[in-house]
Amino acid sequence: KGPKAARRAYRGDAAVATYLIRHTPRLSGEVEVSTAKNAVLPILAAGLLTEDPLIIKEVPRITDVETLVSILRDCGAEVNRSGADLSVCALQPQSPQNEERMRKLRASILILGPILARTGSACVGLPGGCAIGQRPIDLHLKGLQALGAQVHPLGGMRQLSGRLTGARIYLDLPSVGATENAMLAALGADGCTTIENAACEPEIADLGAFLCACGADLRGAGTPTSEIEGGKALHGATYTILPDRIETATYLCACAACGGALTLRRAAPASCAGVIEALGQCGCRIRCGYDTIAIHRQGPLTACRAVTARPYPGFPTDAMPVLLAAQLGAQGKTSFTETIFENRFLYVQELQKLGAKLSQDGRTVRLQGAEPLHAARLHAGDLRGGAALVLGAMQAEGESTIFGVKHIQRGYDNLEAALQSAGARLKTVEIPIKV
Ligand code: EPZ
């Protein structure tokens, strides 16, 4: 046996999760929505701001959370899971040592503001995340510079230092992450900070509510202008995060795609208004309670009006792939335009393999009408695009295979079990690979 065989034997064979999905004629039942990934991540990063312990309730078991937890541990925080809850205690935070891990996740950059605020300096690697566009961090750095930080590039890292003072921060774009980083850093700055043209996503309002629960003096989070009175020590808190509006959209769109009746529990209907309106236009009946959404689709689907993704309160870019997939069997034509990320339509060519009549022109994808869909071998390349492939495959005759499930597992806490419980013909198999 040569050295190659010996190396294989030493490293062992690995397996990757792959979905096998058969045509699912209808969904029925109830699904409980997880807490929001995009609120959990900044709130965990905010744990670096205080030496007191925090308890975050009902944290989803997704790989983006696992990765951020390992980064927080690398920063010296003690993070423990107890059932569904996570506790974070950061007595003496420091910059992370592992640059590679930072690249696994976009939200890793959210540790920058808290470490800088707490220690006066921070050195971090550049973030990664879903490959849906360039995703620079210039607005994050500009916000921190406005507070007085000096930025030094250090190879693939950024080193920031300086005593922070409250200031006016104007964001050229209402970036979600840059708003969050500015809010977190401003808490450690002396005096008042105003963030203008801030992002208004519900997850930012939730981060603000969490920070207020820790004693922060902060107003207007989740509106275009927020004000933060910095320099006050934060204390610990126990906090429950808001429901995930994109997971909600995914289950609603799954039911719209297959037909049937589904009730979502522990949802936040108000945060899903755009998706609910679009599904109502295509012939779904939707009833909202305080924290429930019931969807019912019996007859044929008709195409919804043209959809354009925009910052909140516009139609969410993260929900567009699943809405598009839900429309594949709809009568009529419609279009989907993306204005936030320049490369978000990679999943469209995978949906075409199922026979979908889609054409792309720059940042707009047109649906030319319903076509019978057939099974195919599909590759998920990002989280929400991956969810769209699942919905597409559930509508196709035959058995489809979806590779790249790891991208879906970044943000859905057991999508497979939730859909199976509602009658989806979906299972995971582990396909061995040589490493
Ligand atoms: C957050 O990403 C979400 N991620 C994304 O969810 C979501 O798609 C996005 O907001 C928009 O709603 C998390 O919250 C962890 P941005 P973020 O900064 O903060 C440009 C999902 O599937 N920009 O609002 O990275 C950027 O390139 C993920 O759950 C700059 O130019 O988004 C983009 O075009 C995917 N410079 C636009 O702004 C910067 O410094 C909006 O990005 C920062 C951003």
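This one's a predicted model, so the numbers in the text were calculated from it and none came from an experiment. Whatever order the structure lists them in is the order used to number ligands and atoms, beginning at 1.
In terms of polar-atom proximity, Phe341 is not counted as a contact of ligand 1, lacking any N or O under 3.5 Å from an N or O of the ligand. Residue Gln134 has no nitrogen or oxygen atom sitting less than 3.5 Å from a nitrogen or oxygen atom of ligand 1, judged on distance alone. Among the atoms of Pro174, none of the N or O lies under 3.5 angstrom from an N or O of ligand 1. Taking any N or O of Leu41, backbone or side chain, none lies under 3.5 Å from an N or O belonging to ligand 1. Remark: ligand 1 and Arg106 share an N or O pair separated by less than 3.5 Å (distance only, no angle test).
With a 4.0 Å cut-off on non-hydrogen atoms, Glu203 does not touch ligand 1 at all. When heavy-atom distances to ligand 1 are checked against a 4.0 Å cut-off, Leu173 comes that close only through its side chain, counted from C-beta outward. Both the backbone and the side chain of Val176 come within contact range of ligand 1, each with a heavy atom under 4.0 Å. Using a 4.0 Å cut-off between heavy atoms, Arg344 contacts ligand 1 through its side chain alone, with no backbone atom that close. Neither the backbone nor the side chain of Ile246 has a heavy atom within less than 4.0 Å of ligand 1. Only the side chain of Arg384 comes within 4.0 Å of ligand 1, counting heavy atoms alone; its backbone N, CA, C and O stay farther away.
The residue among Asp318, Asp64, Asp172, Asp244 with a heavy atom at the shortest distance from atom 5 (C) of ligand 1 is Asp318.
Here the side chains of Asp64 and Leu68 are not in contact, with every heavy-atom distance at 4.5 Å or above. Between Lys353 and Gln349 the shortest side-chain heavy-atom distance does not fall below 4.5 Å. Side-chain atoms of Ser108 and Thr67, non-hydrogen and from C-beta on, never get closer than 4.5 Å to each other.
In this structure, the separation between CE on Met102 and NZ on Lys104 is 13.0 Å, given to the nearest 0.5 Å. Note that the CD atom of Glu196 and the CD1 atom of Ile169 stand 10.0 Å from one another [nearest 0.5 Å]. To the nearest 0.5 angstrom, His407 atom NE2 is 10.0 Å from Thr63 atom OG1. Atoms CZ and CG, from Arg101 and Asp74 in turn, are 5.0 Å apart once rounded to the nearest 0.5 Å.
Considering only non-hydrogen protein atoms, atom 31 (O) of ligand 1 sits nearest to Pro136 CG, 3.4 Å. For atom 3 (C) of ligand 1, the closest non-hydrogen atom on the protein side is Asn38 ND2, 3.6 Å. The protein non-hydrogen atom at the shortest distance from atom 36 (N) of ligand 1 is Asp138 OD1, 2.7 Å. Among protein heavy atoms, atom 44 (C) of ligand 1 sits closest to Ser175 OG, 3.8 Å. The protein non-hydrogen atom at the shortest distance from atom 40 (O) of ligand 1 is Leu139 N, 2.7 Å.
The closest approach between any non-hydrogen atom of Ala178 and ligand 1 is not below 4.0 Å. Within the 4.0 Å heavy-atom cutoff, Leu110 does not count among the residues contacting ligand 1. Not a single heavy atom of Arg310 sits closer than 4.0 Å to an atom of ligand 1.
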Exercise. When you look at Glu338 and Thr317, which way does the side chain to side chain donor-acceptor pair (under 3.5 Å) test go after all the steps?
Worked result: CA-CA 7 Å; Glu338 170 64 40; Thr317 169; 2.9 Å; yes
Exercise. Do Gln368 and Ser359 pass the side chain to side chain donor-acceptor pair (under 3.5 Å) test, and can you show the C-alpha distance, the side-chain angles, and the key distance before you say yes or no?
Worked result: CA-CA 8 Å; Gln368 313 288 0; Ser359 65; 2.9 Å; yes
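For ligand 1, the atoms lying closer than 4.0 Å to a non-hydrogen atom of Ile137 are 40 (O). Counting atoms of ligand 1 from 1 in the listed order, those under 4.0 Å from a heavy atom of Arg135 are 2 (O), 17 (P), 25 (O), 27 (O), 35 (C). Counting atoms of ligand 1 from 1 in the listed order, those under 4.0 Å from a heavy atom of Lys37 are 21 (C), 29 (O). Close contacts between ligand 1 and Ile132 involve ligand atoms 35 (C) [criterion: under 4.0 Å to a heavy atom]. Of all the atoms in ligand 1, the ones that sit under 4.0 Å from a non-hydrogen atom of Ile340 are 33 (C), 34 (O), 37 (C), 41 (C). The Gly177 neighbourhood of ligand 1 comprises atoms 18 (O), 19 (O), with distances under 4.0 Å to a heavy atom of that residue.
Residues Tyr412 and Asp244 bring no donor and acceptor atom of their side chains to less than 3.5 Å of each other. Using modelled atom types, one finds no donor on one side chain facing an acceptor on the other under 3.5 Å when comparing Thr119 with Gln94.
Heavy atoms from other residues, nucleotides or ligands lying under 6.0 Å from CZ of Arg287 number 12 at most.
Relative orientation of the Phe210 and Tyr239 rings is perpendicular, given thresholds of 30° and 60° on the angle between their planes.
Geometrically, Arg363 does not engage Phe341 in a cation-pi contact, judged by NZ or CZ lying under 6.0 Å from the ring centre and within 45° of the ring axis.
Of the charged side-chain nitrogens involved, none lies within less than 4.0 Å of a carboxylate oxygen, so that Arg266 and Asp291 do not count as a salt-bridged pair.
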